[in-house]
Amino acid sequence: SMLYGAGPAGGTTLSASWLAGDVGQYSDILSLSGTGAGNPFVLSMTFDPTIDSGLLTSLNIGRRSGSSGLFAPIGTTFQGVGVPWTSAFVTPGQYGVDTVTSTVWVVSDTNSQFVVVPEPATLGFAAVAAIAGLALLRRRG
């Protein structure tokens, strides 16, 4: 869901569509377009509340610009676990995990595909390699 958005200049309309998520992701994929630099928005995406609570500090919203490849986390300034979005958070890069609503929120101004993902560092090399392998298999198919 969109928690906040500064309307794009020129009356451009945001458009969104949902796609099925892949292995290693904690939400479906949202494809969002119609915004850009200077038009920040706050995106909130639900994660599976049954995941190991030890992973909560590693959750982020990932993005990719094309239809293939790995998702890269877009949040750069972690506000904490148990921190819901408020109007005090409007700088692109800020993100947090709201455990009451099982959502991750992030302030962004980027057109892309978005999904809740664990930070790559927490997955370990084997898991990252497995996800990369799945992405290559999907590309060939």
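Throughout, residue positions are numbered sequentially from 1 according to the sequence presented. Since the model is a prediction, treat every value here as computed from it, not as a measurement.
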- Task: Check for a donor-acceptor pair, side chain of N60 on one end and backbone N or O of G62 on the other, with a separation under 3.5 Å.
- Result: no
- W105 and V83, any side-chain heavy atoms less than 4.5 Å apart: yes
- Should V42 and F89 be marked as a side-chain contact (heavy atoms from CB on, under 4.5 Å) after you check the CA-CA gap, both sets of side-chain angles, and the distance that decides it? CA-CA 9 Å; V42 180; F89 303 117; over 6 Å; no
- Query: Side-chain contact, heavy-atom cut-off 4.5 Å: L43 with F114?
  - Reply: yes
- Item | Validation row: T57, V97 side chains within 4.5 angstrom (heavy atoms) | no
- Message: Between R64 and I29, is there a side-chain heavy-atom distance shorter than 4.5 Å?
- Response: yes
- Query: Can a donor-acceptor pair be found between the side chains of S112 and T110 at a distance below 3.5 Å?
  - Reply: no
- With a 4.5 Å limit on heavy-atom distance, are the side chains of T103 and W85 in contact? no
- Message: Going by the rule side-chain contact (heavy atoms from CB on, under 4.5 Å), which residues pair with T77 if we only count those two or more places apart in sequence or in a different chain?
- Response: Q79, Q94
- Spacing of I74 atom CD1 and D109 atom CG [to the nearest 0.5 Å]: 9.0 Å
Side-chain donor-acceptor pairs of residues 45-56 under 3.5 Å, sequence neighbours excluded:
from: D48; atom 1: OD1; to: T50; atom 2: N; distance (Å): 2.9
from: D48; atom 1: OD1; to: T50; atom 2: OG1; distance (Å): 2.7
from: D48; atom 1: OD2; to: T50; atom 2: OG1; distance (Å): 3.1
from: D52; atom 1: OD1; to: G54; atom 2: N; distance (Å): 2.8

- Determine the minimum heavy-atom distance between V90 and S87, stating which atoms define it. CG1-O, 3.5 Å
